[in-house]
Amino acid sequence: GEPIEPIDTQALKDLAQKNIDNPEGGNKKIRTHTEADGLFRNNTAVRDHVIKVGEPKPLLGDDSAPNPTEVAQAGLAACIAVGVQAIAQH
C-alpha cells in the first residue's frame, strides 16, 4: 500500500491537552438527516457530506451503496484505525 500521511504530532498533543483541561468541551451534538430515495437506498447528510446506504440485490436493493451493517463496520474500523495512528505517534 501507499504510505500514510504523517499526523501533526504537536497538534495531536494540543488536542489531547485541550480535552484534559476541559473535558466538557468534548460534548458535541451530532446531527444527521436521512432521506429514502427508493429501492432501500438512503442518503444521510452529515455535516457537509452525504453517505449513501443501500442494500444488495438479494435484499431487494440495487447494490448501489454499502448496506447499513457495512457502513457501521466501516465506521468502527475507521475509529480504531484513527486510535491506532494516534497511539503510534507516541
Side-chain angles (χ1 to χ4, degrees):
E2 296 292 320
I4 60 174
E5 292 184 34
I7 296 170
D8 181 337
T9 304
Q10 187 58 51
L12 182 61
K13 287 178 184 177
D14 293 345
L15 179 61
Q17 190 61 51
K18 176 182 165 186
N19 290 324
I20 290 168
D21 294 343
N22 182 17
E24 290 300 314
N27 292 332
K28 304 290 183 203
K29 289 185 180 181
I30 299 171
R31 300 182 193 278
T32 63
H33 177 79
T34 300
E35 294 183 5
D37 71 356
L39 295 175
F40 293 128
R41 286 186 313 245
N42 294 283
N43 298 305
T44 298
V46 182
R47 293 184 289 124
D48 294 329
H49 308 282
V50 175
I51 300 168
K52 296 188 176 294
V53 181
E55 292 291 352
K57 290 180 181 181
L59 296 178
L60 307 179
D62 65 357
D63 203 24
S64 62
N67 71 33
T69 302
E70 294 164 334
V71 172
Q73 189 172 354
L76 177 59
C79 185
I80 292 169
V82 166
V84 169
Q85 291 175 56
I87 291 167
Q89 292 298 306
H90 291 286

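For clarity, every value in this text was computed on a predicted model and none was experimentally measured. Nothing fancy with the numbering, it's 1 onward along the sequence.
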Name every donor-acceptor pair, under 3.5 Å, that has one atom in a side chain of residues 11-20 and the other anywhere in the protein, sequence neighbours excluded.
{"residue": "Asp14", "atom": "OD1", "partner": "Gln10", "partner atom": "NE2", "Å": "2.8"}
{"residue": "Gln17", "atom": "NE2", "partner": "Asp21", "partner atom": "OD1", "Å": "2.7"}
{"residue": "Asn19", "atom": "ND2", "partner": "Leu15", "partner atom": "O", "Å": "3.3"}

Extract all donor-acceptor atom pairs below 3.5 Å that involve side chains of residues 64-84 and protein atoms in other chains or at least two apart in sequence.
{"residue": "Ser64", "atom": "OG", "partner": "Asp62", "partner atom": "OD1", "Å": "2.7"}
{"residue": "Asn67", "atom": "OD1", "partner": "Thr69", "partner atom": "N", "Å": "3.0"}
{"residue": "Asn67", "atom": "OD1", "partner": "Glu70", "partner atom": "N", "Å": "2.8"}
{"residue": "Glu70", "atom": "OE1", "partner": "Asn67", "partner atom": "N", "Å": "2.7"}

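With rounding to the nearest 0.5 angstrom, the NZ atom of Lys52 is 10.0 Å from the OG1 atom of Thr44.
The minimum heavy-atom distance linking Leu59 with Phe40 is given by the pair O-CD1, 3.5 Å.
Residue Asn27 qualifies as enclosed at atom CG: its count of foreign heavy atoms under 6.0 Å is above 12.
You'll find the side chain of Asn43 stays beyond 4.5 Å of the side chain of Thr34, heavy atoms only. Considering only heavy atoms from C-beta on, Ile7 comes within 4.5 Å of Gln85 through its side chain.
With sequence neighbours excluded, no residue forms a salt bridge (Lys or Arg N to Asp or Glu O under 4.0 Å) with Asp8.
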